[in-house]
Amino acid sequence: MAYANPTLDVSDEVTGEFPNEIDDQARLEDIEIRSPTSLSPETLPTSPESTESIPTYDLNNVLEAAGFGRYHIFFMIVLGMMSFADAAEIFMASVILKDMKCDFDLTPIQEAIIPAIVFFFYAIGSIVAGKLSDVYGRKKVLLIGMVVLVISALLSAFVPSFWLFICCRGVTGFTIGANYGVSVVYFTEIVPMKHRSSAMLGMELFWTVGSVFECVVGMSVMKKYGWRAQVGITVVPCLFALILLPFCDESARYYAISGQHDKALQVCTKICRRNRRKLPEGELRVTLEERGKMSSVFAPELLRHSLILILIFFINMYHVFSIVILLPDVLLNNYCSASSFLGSETNSKGCEVLTQGDYEILLVSALLSVPGFLLGTVLVEKLGRRKAFVVTAFAQIICFCLALPCWGTWFLYMALGAMIISSTTFNQILWIYTPESYPTYIRNTAVGTLNALGKLGAASGTFVVETLDAKDIRGSLGTFIALGFILLAATFLLKKETRNQVLQDTREQQAGLTYATLQDSHI
């Protein structure tokens, strides 16, 4: 604000008219620097320009004004293809393991190394990419990750030895861990508040399609052409994702918290133009925040929340990955008189490969995730995130208990199916809630860290299920039930509710100083 010049004539102060606008403005600035406290508010000039403030808006206002449209659908397809590719790469290990065992004459320890190495590097990639994407941007990290994924996946198809294959799979696991968490955050940040859960459903369905794709390719290719052909074909979805990703914009929220006003405004304008909506009037507010610090995730104001989510992620992934392994154990060992229809088949080289029954199990496991995704999306909108957590955690315990007694083969199958659906539902709610509960300046760092620590639960679960008596799954079910009660208690301890809440971007919003719901916004 400019101050009045005390050396001017009284009439000048009243009318605000200056004979030489440039010279007087220079004098005003000089006076403001030398003696701002000597002026009283009564002596300040009153002009229309000085009394009218320029309206401002933030990213949440832009996204609500733009709605959900063509811009978001394109993003959902591109990031969905990345989810498709990640699912195919992870599912591939289940399809090719038997054929590789024959080709490389693998020992039991070497067989166990293949999934273990993917989990280990997945965790590392998740942490590293989370931090880097907060510091350097979401799109850059995803582009690098997809390039490395395509190269490592292609090399996996041509390696001459088992240990070179393990090296390639380690790199592949690293990039999958890097890509998944970042892509979920990337999409969450551009979607309007009321569409976040349904938009995440679209991305998760691509994951299911990727799993089904791997099963269908396996049934068509593995027996005749072997595991190398399977690995090579699995790279194709990765290539599609890599081709489409450069056409996506960087997250406007990343630009806003990194102080890049012009770039943030450019992306906001593009979102509104693509969706055929009008950009809010005024000036876009941006701020410069220190980003990607791990210590911020465990700062005093977030420590309790982060520790609870670590426990929830650990148990959730213990359940999700263990249940998939438990299903074939039931059928192979005739638990509770469940008849095994798996049998055995060999390929042209005399190596044992997956049977039609094996593929049916994998397909059923993949397809049962669809009702879980749908149910999770409905629950978070109808009940809110916290209540949906509690209801689903309690439902999981019931499903685990139903599988304990031997009440008939079909009842057991239904209980196992309910276990898959309930665990997928909880996982869906968790991936909707977690990015929403952290501010933009550490969102990827937090999600990457939690996802990585959760993979310890996945590794623990697969180890426990494989080492306990496979002929009697009640030992595995006992661990599920015990952890289920701990999970239920943890969900009660969560305090943040993110339904109908705009995303936080800055430390100031995190502290509750300017945090607002949609009803408080300017739109």
Could you check if a side-chain atom of [X] sits within less than 4.5 angstrom of a side-chain atom of [Y], using non-hydrogen atoms only?
X	Y	answer
Arg138	Ile190	no
Leu59	Glu189	no
Ser133	Val185	no
Leu450	Tyr438	yes
Gln396	Met419	no
Leu309	Ile312	yes
Leu279	Cys268	yes
Phe298	Ile310	yes

Measure from the side-chain N and O atoms of [X] to the backbone N and O of [Y], and report whether any donor-acceptor pair falls under 3.5 Å.
X	Y	answer
Arg386	Phe492	no
Ser83	Leu79	no
Asn275	Gly67	yes
Thr392	Phe389	no
Asp134	Asn444	yes
Thr440	Gln504	yes
Arg291	Val135	yes
Lys455	Ala123	no

Enter the distance from [X]:[atom1] to [Y]:[atom2] here, rounded to the nearest 0.5 Å.
X	Y	atom1	atom2	answer
Asn427	Ile432	CG	CD1	10.0 Å
Asn316	Leu430	CG	CG	5.5 Å
Ile420	Ile323	CD1	CD1	7.0 Å
Thr234	Phe213	OG1	CZ	6.0 Å
Leu456	Phe120	CG	CZ	10.0 Å
Arg196	Leu201	CZ	CG	15.5 Å

_Candidate list Leu244, Val150, Leu154, test side chain to side chain contact (heavy atoms under 4.5 Å, CB included), partner Leu239, passing option_ =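 Among Leu244, Val150, Leu154, the one that satisfies the side chain to side chain contact (heavy atoms under 4.5 Å, CB included) with Leu239 is Val150.
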
_From Leu453, Thr449, Thr434, residue fulfilling side chain to side chain contact (heavy atoms under 4.5 Å, CB included) relative to Phe313_ =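 So the option named by the test is Thr434.
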
Should we count [atom1] of [X] as having more than 12 external heavy atoms under 6.0 Å?
X	atom1	answer
Phe158	CZ	no
Phe240	CZ	no
Gln260	CD	yes
Arg228	CZ	yes

_Classify the ring geometry of Tyr180 against Trp207: parallel below 30°, tilted from 30° to 60°, perpendicular beyond 60°._
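Rings of Tyr180 and Trp207: perpendicular, over 60°.
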
*asked:* What verdict does the side chain to side chain contact (heavy atoms under 4.5 Å, CB included) test give for Ile96 and Phe165, after you've listed the backbone C-alpha separation in whole Å, the side-chain angles of each residue and the deciding distance to 0.1 Å?
replied: CA-CA 12 Å; Ile96 69 173; Phe165 178 81; 3.9 Å; yes

On a heavy-atom basis, which atom in [X] and which in [Y] lie closest, and how many Å separate them?
X	Y	result
Ala178	Ala129	CB-CB, 3.3 Å
Val191	Leu63	O-CD1, 4.1 Å
Cys248	Tyr186	CB-OH, 3.9 Å
Met82	Ala241	CG-CB, 3.8 Å
Gln501	Met193	N-SD, 3.4 Å
Pro192	His72	CD-NE2, 3.8 Å

When you check the gap from the basic side-chain N to the acidic O, do [X] and [Y] get nearer than 4.0 Å?
X	Y	value
Asp249	Lys139	no
Glu436	Arg385	yes
Glu301	Arg304	no
Arg499	Glu381	no
Lys194	Glu64	no

*Determine, step by step, whether Thr175 and Met146 satisfy the side chain to side chain contact (heavy atoms under 4.5 Å, CB included) criterion, reporting the C-alpha distance in whole Å, the side-chain angles of both residues, the deciding distance to 0.1 Å, and the verdict.*
CA-CA 7 Å; Thr175 54; Met146 287 306 300; over 6 Å; no

Check: [X] ring centre within less than 6.0 Å of [Y] ring centre:
X	Y	result
Trp431	Phe426	no
Phe321	Phe119	yes
Phe75	Phe187	no
Tyr122	Phe174	no

*Give every residue pair that meets the side chain to side chain donor-acceptor pair (under 3.5 Å) criterion with at least one member in residues 142-156, sequence neighbours excluded.*
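Matches after skipping sequence neighbours: Ser152-Thr172.
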
*Would Ser211 and Phe84 count as a side chain to side chain contact (heavy atoms under 4.5 Å, CB included) if you check the C-alpha gap in whole Å, the side-chain angles of each, and the deciding distance to 0.1 Å?*
CA-CA 8 Å; Ser211 304; Phe84 181 110; over 6 Å; no

*Return the set of residues passing side chain to side chain contact (heavy atoms under 4.5 Å, CB included) with Ser369 (not counting sequence neighbours), or none when no residue passes.*
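If we apply the side chain to side chain contact (heavy atoms under 4.5 Å, CB included) test to Ser369, skipping adjacent residues, the hits are Thr208, Phe373, Thr424.
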
*In terms of side-chain heavy atoms, does Glu283 have a donor or acceptor partner in Thr56 at a distance below 3.5 Å?*
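The answer is no; no qualifying pair exists.
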
*With Arg253, which of Asp58, Thr188, Asn60 fulfils side-chain hydrogen bond (donor to acceptor under 3.5 Å, both in side chains)?*
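Per the side-chain hydrogen bond (donor to acceptor under 3.5 Å, both in side chains) rule, the option paired with Arg253 is Asn60, out of Asp58, Thr188, Asn60.
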
*Give the C-alpha distance, both sets of side-chain angles, the deciding distance and a yes or no for side chain to side chain contact (heavy atoms under 4.5 Å, CB included) between Tyr433 and Lys496.*
CA-CA 9 Å; Tyr433 175 80; Lys496 286 187 177 182; 3.4 Å; yes

_Please determine whether salt bridge (Lys or Arg N to Asp or Glu O under 4.0 Å) holds for the pair Lys140 and Glu250, giving the CA-CA distance in whole Å, both sets of side-chain angles, and the decisive distance to 0.1 Å._
CA-CA 8 Å; Lys140 291 177 183 176; Glu250 177 58 82; over 6 Å; no

